[in-house]
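Written out below as structure tokens is the structure these notes cover.
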Number of protein chains: 2
Amino acid sequence: MQRASLPDQPCSVARTLDIIGDRWTALVLRDIAIGISRFDAIQGDLGLSRKVLTQRLAHLVDHDVVVRVAYQDNPPRYDYRMTEKGNDLAMVLLALQQFGDKWAFGGAPPIQWRHLGCGEISTAVACCDRCGEQVRPGDAIPLRGPSFDDQAAPAVGDALDQIAAVFG
Amino acid sequence: MQRASLPDQPCSVARTLDIIGDRWTALVLRDIAIGISRFDAIQGDLGLSRKVLTQRLAHLVDHDVVVRVAYQDNPPRYDYRMTEKGNDLAMVLLALQQFGDKWAFGGAPPIQWRHLGCGEISTAVACCDRCGEQVRPGDAIPLRGPSFDDQAAPAVGDALDQIAAVFG
DNA sequence: CGAGTGAGTTCCCAAAGGAAACCCGCACTG
DNA sequence: CAGTGCGGGTTTCCTTTGGGAACTCACTCG
């Protein structure tokens with residue numbers, strides 16, 4: 001089983017999934033994001049095996065998404081904390097949560113967010129960074145970007161051409 | 001291995017991951033989202049085994065994220081298409097992509113989006129649905145929602161209390 | 001008639017995941 | 001000063017999953 005398959009793809013989604021694209025990593029990151037920062041606490045909360053947790057934490061640290069900080073020596077004990085990159089990745093967790101809030105809990109979610117800016121309990125919506133309007137699937141169309149490679153992904157190229165043909 | 005572990009958790013992130021939380025499902029959904037709609041085309045584009053693709057497609061259809069539409073009978077042939085629920089889930093793909101664009105491609109992404117509303121090439125940003133301001137991790141704090149269950153997730157409850165203590 | 005296409009299914013083997021036990025250094029406790 | 005507990009792992013063993021490749025089936029095209 002060659003795990004190399006994903007990171008080699010010239011695709012942003014695939015590259016990101018190489019970091020959190022398995023059954024547990026995203027949940028581990030979620031725990032760290034809300035402040036559950038120790039090995040045993042995470043293991044107890046999620047109920048995954050200690051072996052797998054060790055691997056996942058090392059993976060997150062490797063990818064600079066999380067840092068392992070000693071909070072005492074003798075014996076060495078550690079906290080796991082988000083990095084700047086990890087906070088960017090937390091936007092993915094937010095998207096996962098919003099979907100789950102809507103479709104699995106029907107608007108009565110287990111966790112809500114208070115926006116410190118305005119003080120309201122709110123949800124995040126995706127907005128165009130140019131015009132500020134809310135964006136939904138179908139409101140935007142995909143185009144080849146600077147690093148697109150037609151050789152590497154001919155099927156994607158074809159699909160983009162189809163879309164371009166429809167939308168002029 | 002009891003796969004029941006994730007969907008049973010009272011957590012929106014976990015519930016969503018039960019749908020797309022493995023190595024391939026999100027990529028399959030991405031292909032369908034951009035219009036690569038047939039079995040062989042998806043298999044060829046992603047290079048995953050046909051067996052696993054069969055399983056993943058069935059899983060997506062089970063969860064109503066994708067529909068299997070016959071485009072001919074005799075022999076039966078099918079397109080896979082996004083549902084309304086699938087389009088909501090595509091917001092997760094968007095978040096994955098934005099992260100990859102920034103951290104794996106350094107701003108020269110393989111795919112860009114043209115917002116039909118304003119005509120510009122843009123990126124999506126998360127905004128507060130109350131005040132419209134852009135939201136980043138740290139700009140909002142998590143609180144217990146209507147369906148939070150302290151019994152089921154004591155560690156999460158503790159973490160929320162800690163945060164509440166800091167932010168009054 | 002033979003080759004091709006689309007959508008899977010089947011078989012076998014290697015890799016990943018789970019459970020539970022073990023380990024290590026230290027700090028209390030009686 | 002032996003015993004117990006805690007934090008953070010590692011090790012062992014066994015089950016499940018994933019990959020590769022070949023096979024099937026129904027129809028079409030040349």
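No experiment lies behind these values; they were computed from the predicted model shown. Letters A, B, ... are given to chains in the order of the sequence lines, protein chains preceding strands, and every chain is numbered from 1.
- Summarising the geometry, the separation between CG on B:Asp45 and P on C:dA7 is reported as 15 Å, rounded to the nearest angstrom.
- Defined by atom type and a distance below 3.5 Å, a donor-acceptor pair is missing between the side-chain atoms of B:Asp64 and B:Thr83.
- Projected onto DNA chain C by closest heavy-atom contact, A:Gly47 and B:Arg68 fall at different nucleotides, the more 5' of which corresponds to B:Arg68.
- Here B:Arg56 does not reach the OP1 or OP2 of D:dT17: none of its side-chain N or O atoms lies under 4.0 Å away.
- Contact annotation: A:Trp24 side-chain N/O to C:dA16 OP1/OP2 distance is not under 4.0 Å.
- Between B:Tyr78 and C:dT5 there is no side-chain polar atom (N or O) within less than 4.0 angstrom of OP1 or OP2.
- If you check distances only, the side chain of A:Lys51 never reaches the base of D:dG9 with a donor-acceptor pair under 3.5 Å.
- The backbone N or O of B:Cys127 sits nowhere less than 3.5 Å from a side-chain atom of A:His115 that would complete a donor-acceptor pair.
- No donor-acceptor contact under 3.5 angstrom links the side chains of B:Arg77 and B:Gln72, judged on distance only.
- Among the heavy atoms of the strands lying under 4.0 Å from A:Gln55 are primed sugar atoms or P, OP1, OP2 only; no base atom is included.
- With DNA chain D read from its 5' end, the first of the two nearest nucleotides for A:Leu57 and B:Pro76 is the one closest to A:Leu57.
- The side chain of A:Arg50 approaches D:dG9 more closely than any other nucleotide in the set C:dA19, D:dG18, D:dG9.
- The nearest whole Å value for the distance from the CZ atom in A:Arg23 to the C1' atom in C:dG17 is 10 Å.
- A donor-acceptor pair under 3.5 Å links the side-chain atoms of B:Asp129 to the main chain of A:Thr123, judged by distance alone.
- Phosphate contact (OP1/OP2 of D:dG9, side-chain N/O of A:Tyr80, threshold under 4.0 Å): present.
- The pair A:Asp31-A:Arg38 does not meet the salt-bridge criterion, since no charged nitrogen lies less than 4.0 angstrom from a carboxylate oxygen.
- Atom CZ in A:Phe39 sits about 16 Å away from atom P in D:dC6, given to the nearest Å.
- Among the atoms of the strands shown, base atoms are found under 4.0 Å from some heavy atom of A:Asp40.
- Counting distance only, with no hydrogens placed and no angle test, the side-chain atoms of B:Arg38 and the base atoms of C:dG6 include no donor-acceptor pair under 3.5 Å.
- Distance from the side chain of B:Arg77 is smallest for D:dA26 among the nucleotides D:dA26, C:dG25, D:dG20.
- The distance from atom OH of A:Tyr71 to atom C1' of D:dG7 is 6 Å, rounded to the nearest whole Å.
- Atom CD in A:Gln43 sits about 14 Å away from atom C1' in D:dT10, given to the nearest Å.
- We find that CD1 of A:Ile42 is positioned 13 Å from C1' of D:dG7, with the value rounded to whole Å.
- The listed nucleotides are C:dC26, D:dG8, C:dT9; the one nearest the side chain of A:Asn74 is C:dC26.
- A donor-acceptor contact shorter than 3.5 Å is absent between the side chain of B:Thr16 and the backbone of A:Phe99.
- Rounded to an integer number of Å, the gap from NE2 of A:His59 to P of C:dA16 is 12 Å.
- Nucleotide C:dA7 holds its C1' atom 17 Å from the CD1 atom of B:Ile36, rounded to whole Å.
- Distances were taken from every side-chain heavy atom of B:Thr54 (C-beta onward) to each of C:dG8, C:dA7, C:dG17; the shortest belongs to C:dG8.
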